Each structure stands twice: as structure tokens, then as C-alpha cells.
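Everything numeric in this text was worked out from a predicted model, so none of it was measured. By convention in this document, chain letters (A, B, ...) are assigned in the order of the sequence lines, proteins followed by strands, and residues within each chain are numbered from 1.
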Amino acid sequence: MSSEPQAPASAAQAVATVKTGAQIVVDTLVDLGVDTMFGYQGGVVLPVFDRLYDAPIRFYIPRHEQGGCHMADAYARASGKVGVVIATSGPGACNLTTGLGTAMMDSVPLVAITGQVRTELIGNDAFQEADTTGITRPVTKYNSIVKDVKNLERTIREAFYIASTGRPGPVLIDLPVDVSFAKCACNGKAALDLPGYRIRTKGHARQISMAAEAINKAERPVLYVGGGVITANAAEELRLLAQKAHLPVTMTLLGLGSFDQRQPESLDMLGMHGSAYANYAVQECDLLIAIGARFDDRVTGKVATFAPHAKIVHIDIDPASISKNVRVDIPVVGDARHILVELAREVEYRERGPWFAKIAEWKKKHPFRYDKKAKTIKPQYVIDEICRQTNNAAVITTGVGQNQMWSAQFYKFIQPRQLISSGGLGTMGFGLPAAIGAQIARPEATVIDIDGDHSFNMTMTELATAVQYELPIKICILNNGYMGMVRQWQELFYNRRYSCVALKNPDYATVARALGAVGITVEKKEDVPKAITQMLAEKQPCVVDFRVEREENVLPMVPAGKSLSEMEGLAILESMA
Amino acid sequence: MKHIISALVENKPGVLAHVAGMFAARGFNIDSLVVGRTEDPDLSRMTIVVIGDDRIVEQVRKQLARIVPVVKVQDFVGKPVVMRDLMLVSIAVLPEKRPEVFTLIEMFRGHVVDIGQKTIMVEVSGPETKIEAFIDVCRPYGIKSVARTGTIAMPRQGTGED
Ligand SMILES: Cc1ncc(C[n+]2csc(CCOP(=O)(O)OP(=O)(O)O)c2C)c(N)n1
Ligand SMILES: [Mg+2]
């Protein structure tokens, strides 16, 4: 990157005012455009909270720092802005780690500020001291401790810059309390100093031409799209490319929303619980164009036999993700939006009749299915119904497990930033705080957390947060009384020995009411549609506890380590036709 | 295959931990890692010897470059470079054996830096193979202890001593 031009020293001095570190933090945040923050109090962050008291920033207090971090994360995912979270030293910082790891794995722009004990106490096992930069180093894009107030403003500006550029990610600033009290002349114009941070935005022209040529030659191409397209705000450019060159599109979990799933070119999600048609198409394609995706093992199955006939084009902003898992033939490093625009210029329309005919046949034979005649509430039916009643337009957050996979399979997304789910880390408990963060980012949107009972158990205390801030989020618990996804693996691979996968759940509607939310229980299939209608009409946080079929499986399934074409459950699905 | 990777890094606290942590987290094997100052007080140079196939080393290089305070990464594989290791070794040598050992030390262009009753300490520098050869020839006398720096390297511009 090029560091920003520094203001001439004389001008800088002219407007410099003496401020405390805490004031510098708040003023810099405001100057960077932060109007929303999440976080939790504590001894060493008191000076910063004191300055926040009358700052023009809306502040949301979670019930647990993990929740606050997920809220900031989902706020970022839903808005495209940087999420900001603050926590105290020691336990507060430790509680952030799951949230930081979640944001790191999914490349979410986040800035975390943690208080730290006084500089002279660091290393002495002081009260509430933790080696925060040490603990969080592997779960942040970058972190640093500010020991001199003179570096504070610059460090905050750098944190926002690093978090939001290149491949985004969480950045943490550790702030000893004495630095918050310390005073320094500050002009509000500190220049970045990042000699080691470089981003390649524009793709290499020759590489782009090679990719275009490969597309123009391909008989059986597939676009394989990940979260990077959403991060790069490149959904429209993706649509234009797919349309111009006539290409089918499959998406990863995090890529869902980048391409309208109602279009015939959509192959929906690929991978372990992806569609049969996406997986077959990938295995039979002669050209795979990966964009902002990272060939995760849940996507590729057995790497050695992944897309065996395909030439691979990989467009990504992170050079390190190219050829990490899968050998790439044509790498293009840069920003997806830039590259897609350039690429679209050079591609030509081709009919590819036989290829699209084959895809249509797979789609017809192997759609996502469930037993519509069942007497019990099928979890897939609940999602189908939510999708129908919200006209594909809701913002959906999820827990982790079957609920998450069914949401990906049965809600048909049409816009970027519509699905907010912990893909890389797979963090149970993400759904509820994520719904809160997303609703704050998008007050007009219908935000629904489609959650698992056990995932919900992990962070349900945040329901009180939603009540306090009067957020009209909806929580649909697909209550199967199991850690359903784990139970599924035990059924399939451990002889149905259901070891430690069922907790005694509370009555969620009662819990919801006790916390000040609306609670609804649905036990009969015929009550599903009207419960959803009622839920959608609620102005308060609303929890609907759907008592779903307990031993339903997510199908199809590529068992871990198998090839994408070795899907199980296709015969079962066909029998439901 | 052995690769020598040279990384110019910002001279900031936490950089070494970041680099070492990345190697550990990604399961890359470090043969040696040397950090030292450079002519620029704001920059340090890390010389890292990694063993792995080209694909792994390419990942190492990219992952290093991704670390924010890492300014520049070079892989010296296939390039002419001067490599040096510095060793201090303490050898069990009784006075009557000294002349014999001194001859060896001279052959390796080492220096005796300490003479004790029953031991001598020697400083030797050079490519790793030379250091190892010196350890081998000293082994029969009894090696008390060894301290080595690990490899540092710099690309050659012309020709000279290996
Ligand atoms: C924090 C955390 N702990 C453990 C896991 C492992 N895990 C993955 S899915 C799952 C079960 C999820 O159960 P539930 O939330 O009820 O969802 P279901 O699969 O039943 O829809 C577990 C334990 C995880 N992903 N995250
Ligand atoms: Mg469950």
C-alpha cells in the first residue's frame, strides 16, 4: 500500500490539541465514520467508556463479549462497514476470541479494542491481565499493543485500514489503561505507516486474458463463487459475466446471495451438503472458475479427485489462497470486482446447449427434496415456508449444524449480504447475536435467525439484548432435541450410538417471555404457516420453537474425505418425489 | 529440499512471535531462524531455513508476506548465495592433546577463544557443511557443548569463497 501523504508539520501543529488517549480513541472512531459500537464495561476501559458517554455513537451492550463480537461481525457482514467491539482486559479479551476466530475465518472487517492493565504491570500477572496480543494473534489479521499515546491515533487508523482492505479480517488493538489517561498533542491527521502491507487491486491483464480465453473455449464451464464476491461488492459484475458468457454458477455457503438462486443458471450450493447438480457439474466440468473462494475441504471433498477434468482459474485477492489446496492453472490476484469487469469485456456468449441440457436434467432428477406428506413438522418445510412468506427477501442468520445446512438448501437467496452464517469456523451460538447485529445494521429488513436448539442454547442470553434495544428480530428454533448434525454422523458412521448429543432443553417460549420477548411453540404441522405469519408481524423480538422431526438427516451428503460425486442419500431423496 | 528464506521485517515487538506462530500453526518445519538488525534501525532481517517441497515453500513465502509487519520476502533457492553459520564449541582437550587439536582448528580456520584446564572453546564460522565437519573431527576428543547461530545468507554478486 502507499502510505497517505502526511500533512506538513507546520499545519499539523497549528490544529493540534492536547487530548487524553481515551479522547483520541473516541475522536478517531468518530472521524473514521463509526456511528455504531458493541462492547462491555470493565476497569481498564472505564476512561474510554467515559468519553463514549456523550459521543455521537450508538452503543450496544451484549450480555457476553462473545455475543458482542458476533454482533459487530454480523453488523459488518450486513452493512459492508467495519464492525467495532470493545472489551475489558483479561476475561473480557478472552471472551472475544471465539468471535475473532469466527470473523477471521470468514474474512470479516472488524476492529476490536481491548483494555489492558497499566504498562508497568504488564508481565506481572496483574489482576485481570492476559497476554491479549499473544492469545489473539492467530485469530486476527493483525494486532498490536499501544504503549505510547503518541502512536494511538495512527494505530487506530491503521487498524481500520488493514481490517477493511485486501482480504478483510479482524484487527485488535490492546490499550493499557495508563495510555488512555496519558495526554498528547493530537492533530487528528496521523498518517499510516505500514511498509509491509501491500494490496493488489487490479488483476494482471495477461492473466485476465488467459482466463477469458479459457472461458471462450470451454464446453462445460462452471463458476464457483465464494464469499469474496460479496465482500468485494461484485454481485452485479458476477451477474453480468455469467449472463454475457452464459455460465452456470454454484456458490459456497458464504457465497450464497451473490447470484439470484431463482435463475436457471444457479446451481445453488456445492460441497458436502450441496446440490447433486452442483457437485456433478463440478466433477464433469472442463473449466472451473473460482472467484473469492478458497477450496475449503467442505467444498472440495477429496482434493485429489476434485473437478478432475477441469482447468482451474482462480480469482482471489489473497495470493496465499491460490494453489494452497488445489493446483491452479490460471491465477488472477486482485479485487473480484475489478477483475470481473475486465473479464466480462473479453468473454463471448456461447450457447453450450449440451452442457445446459445435462445440467437441467440433473436439476430435474435431483432437486433438494423432503417428505412433504409427512405428518410431523419437517425442518425443511419450516424453511420453505419462511422463504415463501418473506418472498426470498429476509436476512437470514443461522446456528451451526443441520439448521444451517437446511437454511442454505431451502431458502433461495437473491441478494448479497442476505445470508449471515459462520462458515469457516462453524461457531454454534452465532445465529442470535448475528441477528441482532444485522438488524442494527439494517433496521428496515426482516431479520430471521434460523437456529438449532443447541446452538441457540449457547448464546440465548442475548435475547435480553434484543429486548433491551427493541429489535424486532425473529428466531426460529428447529428444535429436534439433538445436536442434530452430530447425531446424523453418529447414525451414519457410529452405529447409531447417540453418545452425548441430547440436552434437556428448556421450554423456549417460556424463556422468551421471561426475558421480555414473544414466545410461540409449534407442535403441529398445520400450525406452521400461521405461526410464521404471526412471527413476521411481531414488532418485538419473537422466538418460535418448532418441534421438528427429531431424526431427519441433511441430504445429500458427501462423507468426509470422499469425492463430490460420491454423494449419499440420492435414492432416499428420489423416493420422496 | 532446503530453502533459505530471507524476510525483512519491521522492528516491532511481537513480529517474531507472529512469524514463529504462523510456522507452528501451519505445520511448517523450521530448520533454523535467525533474527538480527540491519543497516536500517526500523528493519530487522530474519533468515529462515525451511525444509519442504516447492509447493510448501511457496506457501511459506506467501504466508510470510501476508503478515502485516513483514516488508519483503525472498527465497534464495537456486541463486548463488553466501551462507554462514557461527558456532562456539567446547571440546574436552587435556594440555598434552592441545597441539593436535590446534592443527585441526587451523585447518578449519577457527579461533581458540578460551582455554581451560580440561577444555578449550573454539569459534568456527562457515557454511553448515564445514561446521558439521568440524564437529565430526572433534567428536573423538569429546564435545562438551555446542552453541550455533543458525544460517544467515546473502546473495552473491560475483564469485568468491564458498
Ligand atoms: C461452539 C461449537 N461447539 C461444537 C460444535 C460442533 N457441532 C457442530 S454441529 C453441532 C450440533 C448442533 O446442534 P443444533 O444447534 O441443535 O443444530 P442441529 O444440527 O440439530 O440443527 C455441534 C455440537 C460447533 N460447531 N461449535
Ligand atoms: Mg438440534
If one checks every heavy atom of A/Ile322 against chain B at 4.5 Å, the contacting part turns out to be both
In this structure, CD1 of A/Ile145 is separated from CD1 of A/Ile122 (nearest 0.5 Å) by 3.5 Å
Applying a strict 4.5 Å limit to non-hydrogen atoms, the region of B/Lys72 in contact with chain A is neither
If you tally heavy-atom pairs under 4.5 Å between each of A/Lys147, A/Arg327, A/Lys324 and chain B, the highest tally belongs to A/Lys324
dist B/Met87:CE -> B/Thr149:OG1 (nearest 0.5 Å) comes out at 10.0 Å
The residue among A/Asp318, A/Val333, A/Ile317 that forms side-chain contact (heavy atoms from CB on, under 4.5 Å) with A/Ile199 is A/Ile317
Tightest non-hydrogen contact, residues A/Thr132 and A/Ala93, listed as OG1-CB, 3.5 Å
d(B/Arg61 CZ, B/Ile56 CD1) to nearest 0.5 Å is 14.0 Å
When the 4.5 angstrom heavy-atom criterion is applied to B/Ala17 and chain A, the contacting part is both
Pair count under 4.5 Å, heavy atoms only, with chain A: among B/Lys12, B/Gln63, B/Glu10, B/His18, highest is B/His18
Okay, B/Val70 and chain A: the region with an atom under 4.5 Å from a heavy atom over there is backbone
